[in-house]
Each structure stands twice: as C-alpha cells, then as structure tokens.
Amino acid sequence: MIKRFILLILLFNSIFMVFSADLPQPKNNRLYTEFVSYRTANYLKKTIISSGYIVMDGKSRFLFKQIEPLDIEIRKNEDKITYKREDMEPVEVDTVSNAIIFIFDDPEKLKEKYTIEKTIKNNVDVYSIMPKGKDEIKSILIIGIEDKIQEVMVFFKNKTELIYKFSNTVTGTKPDEAHF
Amino acid sequence: MKLIFNSKFIITLTIIAISALLIFFATSLIKLDASLQSLFPHDEKMKRSLGLSSHSPIADKVIVFIEVKNKEDLEEAVDNVDEIIRRSELELKNAIPDMETVKSILEYTEAHSLLLYPYEINKNPFSKNEIQKRINAKADYLMSIPFFNPGKSFFLDPLMMGPEVLKKANENSRGRYSPKYGGVVSENGQTYIKIFRSGFLYEDYDKIGLLKKLDNEIVGSSEESDFDAFVYSGHLYYLESKKTIQREIFIIFILSIVFVLLIFYFFFRRLTLLIFSFMPIVAGFAITFLLIAVFKGKYGGIALAFGASTAGIAIDYTIHYLTKRSLYPTLKVVRKKIGFSLILGFITTIASFIFLPFSNIISLQEIALFGLLTISFAFIFSWFVLQPLLPPDRSKNDLRKMKFPLMGQKGFIIWIILILITSVSLPFLRFEDNIFDLDMSHKKLRSRLEKIQKDFSESSDSIFLAFKGEDKDELLEKSLNAVQYIDDKTVDLPVMTPALFIPPKNRIESRKRYIKENFNIKNFINVIEGSIFSSESFNEWYSAIKNIDNIIFDDLPDFLKEELSGLFIDWDNEQYLLIPLYKRSISKRVNKILTEGKIEHFIVDSLKDSSKGLVLFEKNALFLLLLSIAIIFIILIIAFRNLIFAFTSLLPSISALIGCLGITVITTGAFNIMHLVSSILLLGIGVDYGIFITNSFKDGSSEEELNMTFQSIFISALTTLAGFGVLSFSRNYSIFSIGSSMFIGIVFSFITAYLALPFILKNYKKKYTGSLI
C-alpha cells in the first residue's frame, strides 16, 4: 500500500518525453518500438540500463512496457492510465497530472511548456527542446528520421542523464495484440 | 355607519392597528435562533463540550458524496459534481490534499525523517539487517519509476523512514493522504467522498442557503445522469430545523388566532365583540415583541412558537369577563363578583412561571419572559381598556348559552376511573437523556449519513479525543503518548495526532539521543557500497546525523499547517487539542483503552455530555414544580383561609399534571424539558378553573351563575386547546411535546373542574355548613 501511493505521487511528478505537432508523429498513431534506456546520475555508481518496448494503437491506446530490470507497465486506455509493477495490482493514475502520457497524446501541451527547434544534420532530424520556465530539465534532444524516433536524450540540471535508444520501430501498421 | 363612528370601536381598531404595526416592526428586528443549544442545561461539562465542539475542526465540515453503479463511471461523475461546485458562489476549501500537496508532505517527511520516525515504538532502523533491507527498498523505489528524477528530500531519507511516517498518518486519517480524483474512494471503487472546510458555522444562514442550493443542484444533476450524489453537513440540519420552525411558527400563529377567534365567535356571536376581544391579545403581543426586539434582539424559535400559543391563555381573562358580565348590571358589580377570581387566577398563572428563569436554560428563560409579558399585558389591557370599553349591557346579550348539568357522584366516579387509568402509566415514565431527541426527525439527512458511513468513517457527530495543556508542546506530548498507547494495544483503531508531523520537544530530544546511541556509520557505509547508490549520495543525511543536536524543523507544508492548527483550540483561557473520532463506537473503545492505561485524556461528546446534566436537570425541575405547587397552595390558603377550598382550587392542576405525565409515556416515553414547561403552564391554568368553581360554590352562586362559570371555563379550555393543540402537529419534538401535553392537561383540568369539584364542594358544604347548593 505504501509503495503504491508513493509511486503514484512520483509518477505524477515524472519527467515526460513528448512528441508534438512539430515532432514526428507515428503514422496513423500506430507504433511498435523497442527501447534500451540508460540512466546516468552522480548518485548512482553505474548507469542503470533498462529495456522494453512501446506499443500504440491510436491516441487512446498505449502501453509502455519495461521488461528489465523490473517488469513495469504504464498503460493508457481511453482516458484511464494505470501503473503496474511486477505482481502488484494495477493502480490508476490521475490523467491530468501524468505527463508521461503526453508522449503520444497532446502536442499542444508540450508547446505550452517547451520551445522546439528543428535542425537537420547528416540527413537526420534533430529536435532541440528547451523548457520555457523553471524546470528540473535542462534540455531534451530527439533524433529521428521522418516519423521514426531513434533516440531521446534528457539532460537534467542536476547532471542526471536519461537516454532512450529505439530500435525495430514499425509505424503505420496495427501492432500485434499480443504486445498489449 | 353608526358602528364605524362609534368611538369605542375606533379606539379598539386604533389599538389593534398600532399593535399590528409594532408586531411587524419588532419581528423584523428579532433574530431567530433555531438551534437546540438553547435547550441545553448549563453544567460545566456540557458548557465545555459545546464550547469546544463549536470551535472544532469539523464544525464547518461539508461532505460531498457520490455513488455510481459501475466504478468505471466514477471519474465522470466526480467531474460532473466538481463542475457544479466550481460554479457555486461558496468558497469551499478541499480538506483532502491533491497530489501536488501530498508530494510536498512526502518531501517534508523525507527531509525530517530522522526526527519524525518514532524510534520509541518502531523497529530500530539502524541495525545492519534493517539498513540493508531499507537501502534495497530505496533502490527498488528508484527503479520502479522509469523517468523518476529524485529531488533533495529523496537523499535525506536513505532508510525510507519518511514514507513510513506518512503511511502511518494516512492510516490514522483513514486514507486522507492517498487521494483519488481529489477525494477518497471506497474499496469497491463505487463510492467517493470529498471533504471541504466551508469557513462558516451553523448560524450563517445566508451561506447555508447557498449550500442548500448547491445540494439541490448536485442532487438534480446526479438524478439526470443516473448516479447518486448529495451534500452532507451539520449546517443542513440547522437549516432544516430553522425552516421547519419558521414555517410552523407562522402556521401555528395564524391557526391559533383563527381557532381562538372562531371559538369565540361561536359563543359570543358578534363580530364586533370578536374585534374587541382580540385587542388585549394583540396589544399584549405587540408590547412583548417590542420589548424583546429592543432589549434582547435574538430569540429562540422554540420560545416564539410557545409564545404564539399564549393567545389561548391570554384570552381567558376576556372570556371570563364577557361570559359573566351578562349576569350583572354594572362593571362595578361584575368586578365585585369575579374580580377576586380573575386577579387570583392571574397571580397563580404568573406564579407558575416564576421558577423558569432560575432553570439556567435559555429556552426556558425565554419562554418564561414571553409568557409573563404577554399574559400580564393582555390582563392589563383586558382589565383597564376592554372592560371599560365593554361594560355590562343586558340589552345586547347574544351569548350562546350551554347547559352544564351537574353529574354528581356518577361524574365523580368517571373522573376517578380516568385518573386511575392514567396513573397506571406513570411508573413507566423515564427522563429524556438525549437533547437531540427534542429536535425534529431529520430522516433524509440521517439516511445520507448512513450511506456515507457504510464505506467511510466520516460523520457530523461532535465526538473528539481531547487533551488539555499549558501549551501546544504539552498537548502534542499527551496526544502522541495516547496514540502510541492505542497503537500498541490494538491494530484496528486508527487515531491521528498532529504530533506525527510536529513531534513535541521531549520526543525530539529523546530521538536525538537514540540516533546517537544506535546509528553506526560503518554499517551504513558497508551497505551503500553493495548498493546501486554512490557513496556520496547520502552525505547530506549523514552530516545531519553528525550535527543532530542542531537540526531544526522547517515550516510545515501550507496544507498541513492549516489542517493541524485547526486541531488546537484556545477556549475559556485554556489550551486544548481535539482529535475527531467520528463514531461513538470508536470513542468508547479509545476511552476504555486509555482509561485502563491511565493515560491522561478526555472525550468530548456533546450528546453524552449533555445526557447526565439533562436528566439531573429534569429531576431537579420536577422538584421545582412541587415547590411551585406548594407556593400556589400557600397563596390559595391565604386567599381562601380554608384548606379544602385551597385543595379544590388546586385539584384541576394536579389532575392536569397526571394527564400530562400520562401522555408523555404514550407519546415520547421520556419526560423532557418541554413537558416541564407544560406542567408549569398547566399548574397556572388548572388553578384558574379551580378558583372559579371553588369561588362559585363558596359564594353560594345561583344555578345560572354556576352554569355561566362552567361555560366560561369551557370556552377558556377550548381556546387554550385551540392555541396549544396546533402545536401537536409540529415536526419538532420539543414543540410537539408541549402541544400534546398541554392538550391532554387542559382536558383533564376541565373534566376535574366539571366532574370532581362540584361533587367534592357540594358534599363539603353540606357536611360543614348544613346548606345545599
């Protein structure tokens, strides 16, 4: 019980990674992609590596599934968002406050808080995202080609870095139900 | 035309018109108090209970309840209701923290975990095994949220002591710190409550009106959308009681006057006579209302409802005069014949009120004042204005005459049987020990409370675990002591204390000592080395331990500051801490555990605290009543200089009291303060009947005079019944009590005056004077 509601509180305050109207949207809002993430911070002895996948079938159906090192699911169905860790029962998270779901949701909300600049380097789109006001994030860099994102790098003011590398990305096609 | 220009009629109409204006003006100035608190006897425990409850943290609480058929529909229902609340003119403050606030509370507990953690009752967190377990949990915590970027407070609590404190606070406050949709959701996910602080108390009827409007909108919207939702608060009880009393006072007043006048017209048959007779009552009311408006300003609704029915008593003086004047040629002769009875009757009626001002109960004092003023001024107007305006005039005698044949022994036996049957119920009489039973039955609000309490522990009952102390620190120490003792004795009795977030000074010092004695840096470093955390991660925490003697607490988050400060009350120059317990079953268990453990505390429960005092008062009041009977008996002995005449004058009153107590057993079952008021009134009214009949027999009245005496008493009884009978239809139990008991009492008085007194007096006269009537 303690962990559930503490996790809820922290989920509320989680950093979010976003796409926007100016960022590449998966074709038809359909997506399957695998990720490996690297969390580096001065409070950690070594980088924490996690892996999993993201699957999306329309704006109201989304799953972020981490497989290693812990089994975590953040699931969005219509307006309901749930968080599940390992064997615990899924807990519902407040829609309004969980910015994680802005990932494939509301581009306009991203623009309210961030400025986005796009450049092209070596035929690759590079998006530089800077917070408008006071934020724990220093900057975000997103690298992609067309509607496929290859890498997301988040730099925090406290020198923590969070890097997501995506692979085996498929967009535009209805993903296998088994992934959900 | 002749009538219009009749000066007497003009004078009478003028007096009535001026009186009506005065009543209108005065009632607009009088502030109505519909609360029950004016019925509470003032003993110290009750006074403290009421005083503390009225300042309590739940005095202004408002609960919004929602129930849906399917839990998937709950969020939409909450949004629907939230929108209505946002549109409302009321500024309701959410007493349940939102997620941002809970986060700030978590950060506070993490940042101060070293001194908030209750080492005195919990496991030692500094043992090697515990440190290992806790650091693993910390790592797990970090890894569980993919995008989590921990703040400063995270690193001030490597051993996860802060979340443990918050968890305890959450349990003890019944889930207040794990909100969902801004409120608390039940386990089955289908019911939900939101708790607000309204910022206003029970007497702010303007704001309560807005609250009722909000309730109506929420109920209406929920019915349209097929879910159940409503507002629940103590304010709505007051509003419902006030509206009911206001409506009923108005109806009672009108009905009372109409019935009295109809009865009057039936017997006297002249409209002009009706208007003349109306004048002393209206004038009496006018002066009474004016004096109250000028000197008091605020008056109880219950006292005013009673006041409306004194029309039935006040008209008695007019009835007796108008009935008997037809027998005599001049005003002087009338006054000679019935003046003694009228004045003695007035004195004994007033005398019955004499002890009410000493009752120490506001309502009774107000009833006494209203009764004394109205009846006195009505008598004065009747004697000095009406009688000269309407001297005897045998040519204009339209009085409808009734025959009252003497029933003799048969009547006496019927009376005896009636008294005996009624007396059988008297041993079953008990004293009312629940002051709230004098209010109306709030069925709808009670059923709402039952719905809420099915899944939640909230209520509007003022039940608290209380502590008294010299200062806040002492209160915190006492409450923490009590709560930890309860936790030690049982697991399912959550009781919150602000000391969980603001430890008292002694505890802070003892915890500092504990840390110094038990924390071993080597154990900690060894565990950190084997964890995912770098060795410098928790340096700030470790520095805090090294510098433990100089640690001070930061300010509480605003939400906590406001919530917790509301629990401390400064009342009557003493400091108190009140912790809501919500249910009597909980307070009983808490009280038992703490009393057995000899832990200093007390329970504040307005209902229970009034109970003993109420019963004691009622018993003392019965003694006062007996004293009143004795005083009146003495007045009668002095007046008649004869024990038997004094006894017969008093007998209708005694029978009335038997009838009053008998109906108490049948209706409410418990003798309450309002029955006491009735008893006192019946004492004064019944003795009037007794005086008139006794005097008639004593003076050797003719058959016609005796018949007229019975008729005047009969008409008086009818008007009094009309005045009080309407009170029996009230939904307010205190008004119902006075109405029903007065009704039966008057019936018994008349029956005694008609059936018993003639038999007793006839036989007394026959035996001791040899003459027959």
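Because only heavy atoms are used, hydrogens play no part in the values below, and waters and symmetry mates are left out as well, while side chains stay in. In what follows, every chain begins at residue 1, and chains take the letters A, B, ... in the order their sequences are listed.
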When B/Ser534, B/Ala139, B/Ser537, B/Gly151 are compared by non-hydrogen pairs under 4.5 Å with chain A, the top option: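 It is B/Ser534.
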Residue selection (most heavy-atom pairs with chain A, distance under 4.5 Å) from B/Glu72, B/Lys180, B/Glu536: B/Lys180
Using a cut-off of 6.0 Å, state whether more than 12 heavy atoms not belonging to [X] lie near its atom [atom1].
X        : atom1 : answer
B/Lys71  : NZ    : no
B/Lys152 : NZ    : no
B/Glu76  : CD    : no
A/Glu86  : CD    : yes
B/Glu187 : CD    : no
A/Lys121 : NZ    : no
A/Asp87  : CG    : no
B/Glu540 : CD    : no

Residue-level interface, residues 127-136 of chain B with chain A, non-hydrogen cut-off under 4.5 Å: none
Chi angles and distances behind the side-chain contact (heavy atoms from CB on, under 4.5 Å) call for B/Ser531, A/Lys45: CA-CA 8 Å; B/Ser531 75; A/Lys45 276 203 190 74; 4.1 Å; yes
Engaged part of [X] at the chain B interface, taking heavy atoms whose separation is under 4.5 Å:
X       : result
A/Ser50 : neither
A/Ile48 : side chain
A/Asn42 : backbone

Rounded distance (nearest 0.5 Å) linking atom CG of A/Leu162 with atom CZ of B/Phe148: 12.5 Å
Rounded distance (nearest 0.5 Å) linking atom CZ of A/Arg85 with atom CE of B/Met143: 9.5 Å
Closest contact, heavy atoms only, A/Tyr43 versus B/Pro150: OH-CD, 3.1 Å
Minimum heavy-atom distance between B/Ile145 and A/Tyr83, given as atom pair plus value: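 Where B/Ile145 meets A/Tyr83 most closely, the heavy atoms are N-OH, 4.4 Å.
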Heavy-atom contact with chain A under 4.5 Å, split by part of B/Phe155: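 Interface part for B/Phe155: side chain.
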For A/Asp147, side-chain contact (heavy atoms from CB on, under 4.5 Å) partners two or more places apart: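 Once residues adjacent in sequence are excluded, the partners of A/Asp147 under the side-chain contact (heavy atoms from CB on, under 4.5 Å) criterion are A/Lys27, A/Thr171.
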B/Asn149 side chain reached by A/Val154 side chain, heavy atoms, under 4.5 Å: no
Residues that B/Asp487 engages under salt bridge (Lys or Arg N to Asp or Glu O under 4.0 Å), provided they are two or more places apart: B/Lys168
Those residues that, when tested against A/Lys159, pass salt bridge (Lys or Arg N to Asp or Glu O under 4.0 Å) (two or more places apart):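 Applying salt bridge (Lys or Arg N to Asp or Glu O under 4.0 Å) to A/Lys159 gives none.
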